[in-house]
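Accompanying notes for the structure given below.
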Number of protein chains: 2
Amino acid sequence: MRPREFDHDALLRIAFDQVWRKGLRGALLSDIAREAGVQRGSLYNAFGSKEALFLAAYDRYAGDYLGAVEQALGGGTLRDSLTAFFDMTIRNFRSGTPPRGCPTTRGLMELDSSSSADAALHDQAREAFAALLTRIIALIEGAFARAASRGEFSSDAAAAAWQIVTVTRGLAVLERAFDDEAQLRKIAAHTIDLLLGKSDRAA
Amino acid sequence: MRPREFDHDALLRIAFDQVWRKGLRGALLSDIAREAGVQRGSLYNAFGSKEALFLAAYDRYAGDYLGAVEQALGGGTLRDSLTAFFDMTIRNFRSGTPPRGCPTTRGLMELDSSSSADAALHDQAREAFAALLTRIIALIEGAFARAASRGEFSSDAAAAAWQIVTVTRGLAVLERAFDDEAQLRKIAAHTIDLLLGKSDRAA
DNA sequence: CCATGTTCTTGACGTCGTGTCAAATATTAT
DNA sequence: ATAATATTTGACACGACGTCAAGAACATGG
């Protein structure tokens, strides 16, 4: 039983950072190995394949992101929660220089069954992306439901949650197209107004 | 002056079909060349690079898609126009077996500056994607403006147009995540309701 | 009708990243 | 100490991209 010579968790961070900045195609195993001070072969021994490594790295990120969503949705009025959620999400898209965009959205769009050697791993990756979205929807729906019980909201909480997550995915795409953060924030504010009504907006 | 031995337009169709089904990474120049009955070298002679070929193929598609948008938004009430627009868009995402998704959205998310050898071409591709979205927004905004002049709509036409395009991009992402066309249609209907009000819905 | 020049096509080559494997190495357990 | 087991290493084959010189096909001018 020879022990690993590299920090498993640090490697996942290095790998995800590369994927976030350069995409699945652009992230090179040779770069990751060099940055981590190991040989490529060790990565195959530890993870089995490039995709499996990236999947493990993504799971790590997904947990962090979900925690940030929970925190953003945590307190205050429904409008405050949604504003904080959009704010956090847009800040996440725009982090880094140049902005790295949304890893979940990019990962989803880069998926294609034909290019993946292992079909099971391909499905597992899609599950991981979908699972994060599903959990986010559940959290948002919960925020709407709580607000409804306080009399702050009276429409379909599930429909509202889907609407919001759809818009965040759209924002992730527009971010790549236009590189205009003010426009993203305008759209987010407009979405909130549509769902909650413009009338009860804070002064 | 030796003439080309292949049909330029047919080649673009073949290339775009490959990209649409397999993505930018998955689309192989060797497959395209074989399908078109030419050698890879001829493609480089005609287009200069893989990206330039795909860009030309995309421009062809963008024109077709924009025409379909114009037609969908053409007649009837604003609600009819928007319904037709979402319907056409979702049908486009779901065409093919398996569904091919949205090429514009996928193309945008696959863009990354570090992996492209030629920075000018990279920017040109982003411009092409952004230009299509901008034109679609203008068309939708026009539909809202016309409806406003008929008294069918009284809010901010530009904000409404951005909202709709953002949602369509979000739908393109959710399509990849969940493979659930009914859910996509629900979200689209909900978006229309939010913008136009649920009250004046057709019986 | 033939020669010339220009463009297109062909096939081979170098490069890069991936994935695999056998040999070497470093621990743990007996 | 020795055997057993897991990890690391470096070399290898493969596939796709991009380049290039040489050959092929056509238009033009004589």
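Remember, it's a predicted structure, so these values are computed and weren't measured experimentally. Chain identifiers are assigned alphabetically (A, B, ...) following the order of the sequence lines, protein sequences preceding nucleic acid strands; residue numbering begins at 1 within each chain.
- If you take CD of B/Gln39 and C1' of D/dT19, they are 15 Å apart, rounded to a whole angstrom.
- Looking at which nucleotide of DNA chain D each of B/Ser49 and B/Glu5 is closest to, the 5′-most match is held by B/Ser49.
- The base of C/dG17 does not come close enough to the side chain of A/Arg40 for any donor and acceptor atom to sit less than 3.5 Å apart.
- In this structure, A/Lys186 and A/Gln183 have side chains that are in contact, with non-hydrogen atoms separated by less than 4.5 Å.
- In this structure, OH of B/Tyr44 is placed 17 Å from P of D/dA21, rounded to the nearest angstrom.
- Taking every side-chain heavy atom of B/Lys50 into account, D/dG18 is the closest of D/dG18, C/dT7, D/dT8.
- Across the protein-nucleic acid pair, B/Leu29 atom CG and D/dT19 atom P stand 12 Å apart, rounded to whole Å.
- At a threshold of 4.0 angstrom between heavy atoms, the contacts of A/Ser42 include nucleobase atoms, whether or not backbone atoms are also involved.
- Atom pair B/Leu121:CG and D/dC17:P shows a separation of 15 Å (rounding to whole Å applied).
- Within the structure, every side-chain polar atom (N or O) of A/Arg2 is placed at least 4.0 Å from both OP1 and OP2 of C/dT25.
- If you measure from atom CG of A/Leu43 to atom P of C/dG17, you get 15 Å, rounded to the nearest angstrom.
- Side-chain contact annotation: B/Ser30 with B/Arg40, donor-acceptor N/O pair under 3.5 Å absent.
- At a cut-off of 3.5 Å, with distance as the only test, a side-chain donor of B/Gln18 or B/Glu35 sits close to an acceptor on the other residue.
- The listed nucleotides are D/dA11, D/dT7, D/dC17; the one nearest the side chain of B/Leu28 is D/dC17.
- Among the nucleotides C/dT18, D/dC17, C/dC8, the one closest to the side chain of B/Asn45 is C/dC8.
- Comparing C/dT10, D/dT8, C/dA12 by their nearest atom to the side chain of A/Arg4 picks out D/dT8.
- Atom CZ in B/Phe47 sits roughly 15 Å away from atom P in D/dC17 (whole-Å rounding).
- If you take CG of B/Asp7 and P of C/dC8, they are 15 Å apart, rounded to a whole angstrom.
- Aromatic ring centroids of A/Tyr58 and A/Trp20 lie 6.0 Å or more apart.
- A straight line from CZ of A/Phe54 to C1' of C/dG19 spans 14 Å, rounded to a whole angstrom.
- Taking a cutoff of 4.0 Å between a charged side-chain nitrogen and a carboxylate oxygen, B/Asp193 and B/Arg79 qualify as a salt bridge.
- If you check every strand for non-hydrogen atoms under 4.0 Å, A/Ala27 touches sugar and phosphate atoms only.
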